[in-house]
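See structure below.
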Number of protein chains: 2
Amino acid sequence: MAYAKSGWTALADATRRTIFERLVDHPSSVSGLARALPVSRPAVSQHLRVLKDAGLVVDAPAGKQRIYRVDPAGLAALRAELDVFWSKTMAAYKTAIEQSPEEPK
Amino acid sequence: MAYAKSGWTALADATRRTIFERLVDHPSSVSGLARALPVSRPAVSQHLRVLKDAGLVVDAPAGKQRIYRVDPAGLAALRAELDVFWSKTMAAYKTAIEQSPEEPK
DNA sequence: CTAACGCGTAAGGCTAGACTTACGTGTTGT
DNA sequence: ACAACACGTAAGTCTAGCCTTACGCGTTAG
C-alpha cells in the first residue's frame with residue numbers, strides 16, 4: 001500500500017510533529033488538538049489530512065466529533081525504512097574500522 | 001546534544017533524502033553526488049549543510065575533495081525518537097484492545 | 001607560479017506549503 | 001422545527017526554502 005506522501009514529509013513540519021506527538025500519547029478530536037496549539041482549527045484539520053494521507057493516523061467519527069489516533073501500520077513502515085538506514089550504516093561502519101575505503105568516483 | 005535542526009526536517013526533502021540514502025550505501029564527495037542527481041553542485045552542498053547541521057552526516061577533507069558519510073550518532077538519535085513513538089503507540093494499542101474488544105469485519 | 005579542480009557561500013527568483021477567514025455539511029440538543 | 005456545535009474545504013496571503021548563477025578560497029598538478 002503506497003501512501004500519498006512520505007511519512008518523512010508528514011513529520012517534517014514542527015506543528016504537525018507536535019500534533020502527532022499528542023496523538024501518540026492519546027487520541028484526540030480536532031478541536032481538542034486546536035485548543036492546545038497556537039494555530040486555528042482549520043489549520044489542524046489540514047495537518048491531520050497530511051498525516052492521514054501519509055498513513056500515520058486514522059480517524060473515526062464519534063458523534064459530532066471526529067477522533068484521530070495513530071496508525072501503527074504507518075508508524076511501522078517508517079520504522080522499517082529507518083532500520084534499513086541503520087543496518088546499512090552499521091555494516092559500513094564496521095568494515096570501515098579495519099581498512100579505509102576510498103571512493104574516487 | 002541538541003542539533004540545529006531536527007532530523008525530521010532534514011529528511012523531509014526528497015532530494016535530501018536521496019542524498020542521504022546514497023551516503024548510507026557509501027561515502028561520497030560533493031561532486032560525486034551532484035553527478036548522480038538532477039540538481040547543481042551548489043544545491044548538493046546546501047543539502048549537505050542541512051544534513052550536517054542535523055547531525056546526520058559528517059565530512060572530512062580528502063585532498064581537493066571533501067568526503068561525506070553518515071553519522072551513526074545522529075541516525076541513532078532519530079531512531080530513538082521514533083522508538084518512543086512506537087512504544088507509546090503499542091502501549092495505547094494494547095490497552096485499547098483489552099478495554100474494548102475489536103469487532104471483526 | 002599558474003592553471004584547473006573541488007568546494008562553499010552570496011544573491012536572487014520562484015514554487016510549495018502553512019496559515020488565515022469565510023462558508024457549507026452533518027450531528028446533537030432544545 | 002431551529003440553533004449550536006464539530007468538522008472539512010475553498011480562496012487568498014505570506015513566509016520558508018529549494019534551486020540557480022556568480023564569485024572567492026584552498027588544494028593539487030604541470
Side-chain angles (χ1 to χ4, degrees), chain A residues 3-23 26-71 100-105, chain B residues 3-23 26-71:
Chain A
Y3 300 118
K5 272 222 169 185
S6 166
W8 299 107
T9 305
L11 291 179
D13 181 68
T15 301
R16 210 149 52 216
R17 216 157 45 235
T18 303
I19 291 177
F20 185 74
E21 285 172 14
R22 285 189 70 91
L23 292 181
H26 46 76
S28 296
S29 66
V30 179
S31 29
L33 290 166
R35 230 174 285 122
L37 291 173
V39 296
S40 69
R41 183 193 52 76
V44 174
S45 266
Q46 290 163 8
H47 282 307
L48 287 169
R49 172 108 150 105
V50 175
L51 289 170
K52 186 181 174 184
D53 285 347
L56 289 174
V57 303
V58 290
D59 61 327
K64 291 195 284 191
Q65 305 197 119
R66 195 158 194 94
I67 304 300
Y68 283 79
R69 70 192 78 236
V70 174
D71 184 358
S100 55
E102 191 65 33
E103 198 71 20
K105 237 182 206 173
Chain B
Y3 299 118
K5 273 224 169 182
S6 166
W8 299 106
T9 305
L11 291 180
D13 181 69
T15 302
R16 212 149 49 216
R17 216 157 45 236
T18 303
I19 290 177
F20 185 74
E21 285 171 15
R22 285 189 70 92
L23 291 181
H26 48 76
S28 295
S29 66
V30 179
S31 30
L33 290 166
R35 230 173 284 123
L37 293 172
V39 296
S40 69
R41 183 192 52 76
V44 174
S45 266
Q46 292 163 6
H47 282 308
L48 287 169
R49 173 107 150 107
V50 175
L51 290 170
K52 186 181 174 184
D53 286 347
L56 288 173
V57 303
V58 290
D59 60 328
K64 292 194 285 193
Q65 305 197 122
R66 195 159 195 94
I67 303 300
Y68 283 80
R69 72 194 73 233
V70 174
D71 184 359

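Each chain gets a letter, A, B and so on, in the order the sequences are listed, and its residues count up from 1.
- For DNA chain D, the residues of residues 11-21 of chain B within the heavy-atom distance limit of 4.0 Å (strictly under) are B/Asp13, B/Thr15, B/Arg16, sorted by number.
- Atom OG in A/Ser29 sits 6.0 Å away from atom CZ in A/Arg35 (nearest 0.5 Å).
- Looking only at distances, a side-chain donor or acceptor of A/Arg17 sits under 3.5 Å from a matching main-chain atom of A/Ala12.
- Minimum heavy-atom separation, B/Val30 to B/Ser45: CG1-OG, 3.8 Å.
- Residue-level contact check: A/Pro61 touches neither bases nor backbone, having no heavy atom under 4.0 Å from any strand.
- Annotation: the span from A/Ser40 atom OG to A/Gln46 atom CD amounts to 7.5 Å, rounded to 0.5 Å.
- One finds a side-chain N or O of B/Ser40 lying less than 4.0 angstrom from the OP1 or OP2 phosphate oxygen of D/dT20.
- With sequence neighbours excluded, the residues forming a ring-ring contact (aromatic ring centres under 6.0 Å, His included) with B/Phe20 are A/Phe85, listed by chain and number.
- Distance, B/Arg35 CZ to C/dC5 P: 12 Å, rounded to whole Å.
- A 4.5 Å side-chain heavy-atom check between B/Leu56 and B/Leu23 finds every atom pair outside the cut-off.
- Between the CZ atom of B/Arg49 and the P atom of D/dC18 there is a distance of 14 Å, rounded to whole Å.
- Interatomic distance, CG of B/Leu51 versus CD1 of B/Ile19, reported as 6.5 Å (0.5 Å rounding).
- Between the CZ atom in B/Arg49 and the CG atom in B/Asp59 there is a gap of 10.5 Å [rounded to 0.5 Å].
- Rounded to a whole Å, the CG atom of A/Leu37 is 11 Å from the P atom of C/dT20.
- Between the NZ atom of A/Lys52 and the P atom of D/dC7 there is a distance of 13 Å, given to the nearest Å.
- Within 3.5 Å, no donor on the side chain of A/Gln65 pairs with an acceptor on the base of C/dT28, nor the reverse.
- Taking side-chain N and O atoms only, A/Tyr68 has a distance below 4.0 Å to OP1 or OP2 of D/dG8.
- Of the candidates C/dA10, D/dG8, C/dG8, C/dG8 carries the atom nearest the B/Arg66 side chain, counting heavy atoms from C-beta on.
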Contact state string [nucleotides 23-30 of chain D, B base, S sugar-phosphate only, - no protein heavy atom under 4.0 Å]: ----BS--
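- Each of A/Thr9 and B/Asp59 lies near DNA chain C, and the nucleotide nearest B/Asp59 is the one positioned closer to the 5' end.
- Not one side-chain nitrogen or oxygen of A/His47 sits closer than 4.0 Å to the OP1 or OP2 atom of C/dG17.
- Rounded to a whole Å, the CG atom of A/Asp53 is 13 Å from the P atom of C/dA18.
- Comparing atom distances between the B/Gln46 side chain and each of C/dT9, C/dT20, C/dA18 picks out C/dT9 as nearest.
- Comparing D/dT20, C/dT20, C/dG6 by their closest approach to the side chain of B/Ser31 singles out C/dG6.
- Straight-line distance from the CG atom of B/Leu33 to the P atom of C/dG8: 10 Å, rounded to whole Å.
- A straight line from CD1 of B/Ile67 to P of C/dG8 spans 11 Å, rounded to a whole angstrom.
- Atom pair A/Leu51:CG and D/dG8:P shows a separation of 12 Å (rounding to whole Å applied).
- Taken to the nearest 0.5 Å, the OG1 atom of A/Thr18 stands 10.5 Å off from the CG atom of A/Leu33.
- In this structure, the side chain of B/Arg16 does not engage the main chain of B/Leu11 through any donor-acceptor pair within 3.5 Å.
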